[in-house]
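Step one of this worksheet: look at the structure below.
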Amino acid sequence: MQVASYLPSRNLALELVRVTEAAAISAAREQGRGNKDAVDQAAVDAMRQVLARTDIDGIVVIGEGEKDEAPMLYNGEQVGNGNPPQVDVAVDPVDGTRLTAEGRGGALAVIALAERGSMYAPGSLVYMDKIAVGEEAAGTIDINAPVRHNLEQVGKAVGKEINEITAVILDRPRNEEYIQQVRAAGARISLIGDGDIQAAIATCVHGNGIDIMLGIGGSPEAVTTACAMSALHGEIQCKLWPRDDSERQYAIDNGLDLAQVLTTRDLVDSDHTFFAATGVTTGPLLKGVRFGPDYTSTHSVIMRSQSGTIRFVDARHRVEWVEGDIKP
């Protein structure tokens, strides 16, 4: 049972955006240079520096980097200055390190919080099968149902024929079956190279033409996305996706049910979630970092589930702030 005084009582997303701004600016300096690890390391270092001065007593439950041995804020790491509230932390210093390294669009710096003990921890199972939709279609989907059925359900919810529905899918061999089923159903597809947090959120934003996200992607991204979906009133459903027999045995040994459908609430069991993301490179949701002679500009989105408040933040940071010590 959580002690009430340790529940978040202020909008922590307003403070977290300073963390993602710092990470995005640092990562963007490595844009197009071809070094994924340099992108991740720059973002991680900036995040740690600002988090150390943030009024939270945080433990990283969902850290990024484990699946490709990149630099990371590691699972179990304590972050913040130790003051209440006690929170779980999900962090992806750059969702789209390859995109940034290659100079492509759609990368974000992301962090999410919820009260202590509320986030699902998949351990070493770093991939999940996922489906995500916006508020209008929430409650109509079923990850165990055929792809055509889910496309039809989304179409009914948003008032479109199936050939007007657009599904966003990570362009990976493991998702070829999804791609073929969507094409067979007659819906449109938007393939993305990385960044399925942004893709899932995009299903909740009117006017960008994305209706549903499908496919197998990272487990850390699923939990982080759930924190945003709690504020957006969208829906994400997932199932753990082991890559081989050793991961299947890991699930058995650790009591993880591979058949379980993980809902938004299963992924983050909280009414107090906070989410912040800043664009590193320009994508469908956020503009990337823009470097100027006097100011560096960032574009962010912040969310709080308790109030359902979504804010977009355009910020200008003086060059001496950016080039010197990063201050919150």
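This one's a predicted model, so the numbers in the text were calculated from it and none came from an experiment.
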Would you give the length of the straight line joining atom [atom1] of [X] to atom [atom2] of [Y], rounded to the nearest 0.5 angstrom?
X: Asn163; Y: Arg188; atom1: CG; atom2: CZ; value: 7.5 Å
X: Ile192; Y: Asp171; atom1: CD1; atom2: CG; value: 9.5 Å
X: Leu16; Y: Met47; atom1: CG; atom2: CE; value: 9.0 Å
X: Leu240; Y: Arg248; atom1: CG; atom2: CZ; value: 12.0 Å
X: Cys238; Y: Leu267; atom1: SG; atom2: CG; value: 5.0 Å
X: Thr225; Y: Met128; atom1: OG1; atom2: CE; value: 10.5 Å

Look at the side chain of [X] and the backbone N and O of [Y], then say whether any donor-acceptor pair between them is shorter than 3.5 Å.
X: Thr97; Y: Val94; result: no
X: Gln237; Y: Ile141; result: yes
X: Ser230; Y: Ala226; result: yes
X: Thr282; Y: Gly105; result: no
X: Asn254; Y: Leu256; result: no
X: Glu235; Y: Val133; result: no
X: Ser270; Y: His272; result: yes
X: Tyr74; Y: Gly63; result: no
X: Thr296; Y: Gly292; result: no

| Can you tell me if CZ on Arg104 sees more than 12 non-hydrogen neighbours from other groups inside 6.0 Å? | no
| In this structure, are over 12 heavy atoms from other groups packed under 6.0 Å from Gln78 atom CD? | no
Considering residues at least two apart in sequence or located in another chain, which fulfil the side chain to side chain contact (heavy atoms under 4.5 Å, CB included) criterion with [X]?
X: Asp244; result: Ser246, Glu247
X: Pro284; result: Gln198
X: Glu177; result: Gln181

Determine whether the side chains of [X] and [Y] contain a donor N or O and an acceptor N or O closer than 3.5 Å.
X: His317; Y: Thr298; answer: yes
X: Asp245; Y: Gln249; answer: no
X: Arg318; Y: Tyr295; answer: yes
X: Asp88; Y: Tyr120; answer: no
X: Ser305; Y: Thr273; answer: yes

Non-hydrogen atoms of [X] and [Y] that approach each other most closely:
X: Val61; Y: Ala121; value: CG1-CB, 4.1 Å
X: Thr166; Y: Gly209; value: CB-O, 3.1 Å
X: Val280; Y: Ala109; value: CG2-N, 3.7 Å
X: Cys204; Y: Gly234; value: SG-CA, 4.0 Å
X: Pro93; Y: Leu73; value: CG-CD1, 4.2 Å
X: Gly218; Y: Asp196; value: N-OD2, 4.2 Å

Holding to side-chain hydrogen bond (donor to acceptor under 3.5 Å, both in side chains), I want the full list of residues that pass it with [X], two or more places apart in sequence or in another chain.
X: Ser190; value: none
X: Glu152; value: none
X: Thr20; value: Thr278
X: Glu15; value: Arg10

Out of curiosity, does [Y] fall in the hydrophobic cluster containing [X] (side-chain heavy atoms, cut-off under 4.5 Å, transitive links)?
X: Val154; Y: Ile179; answer: yes
X: Leu214; Y: Leu170; answer: no
X: Ile189; Y: Val158; answer: yes
X: Phe274; Y: Val19; answer: yes
X: Met303; Y: Leu108; answer: yes

| query | What pairs meet the side-chain hydrogen bond (donor to acceptor under 3.5 Å, both in side chains) rule with one or both residues in residues 132-149, with sequence neighbours excluded? | reply | Asn144-Lys239
Can you tell if the side chain of [X] reaches within under 4.5 Å of the side chain of [Y], non-hydrogen atoms only?
X: Gln86; Y: Glu115; result: no
X: Pro85; Y: Leu113; result: no
X: Ile169; Y: Val182; result: yes
X: Val39; Y: Asn35; result: no
X: Val110; Y: Phe275; result: yes
X: Asp129; Y: Tyr178; result: yes
X: Gln31; Y: Thr281; result: yes
X: Ile197; Y: Asp92; result: yes

| task | State which residues pass salt bridge (charged side-chain N to carboxylate O under 4.0 Å, His left out) with Lys156; sequence neighbours excluded, sorted by chain then number. | result | none
| said: Asp253: which residues meet the salt bridge (charged side-chain N to carboxylate O under 4.0 Å, His left out) condition with it, sequence neighbours left out? | reply: none
| note | For Ile59, the other hydrophobic cluster members (4.5 Å side-chain criterion, sorted by chain and number) are none
Thinking salt bridges, do [X] and [Y] make one under a 4.0 Å N-O criterion?
X: Arg18; Y: Glu21; value: no
X: Arg265; Y: Asp271; value: yes
X: Lys36; Y: Glu102; value: no
X: Asp57; Y: Arg116; value: yes

Side chains of residues 308-316: which donor-acceptor pairs under 3.5 Å do they make with residues two or more places apart or in other chains?
{"from": "Thr309", "atom 1": "OG1", "to": "Ser307", "atom 2": "OG", "distance (Å)": "2.7"}

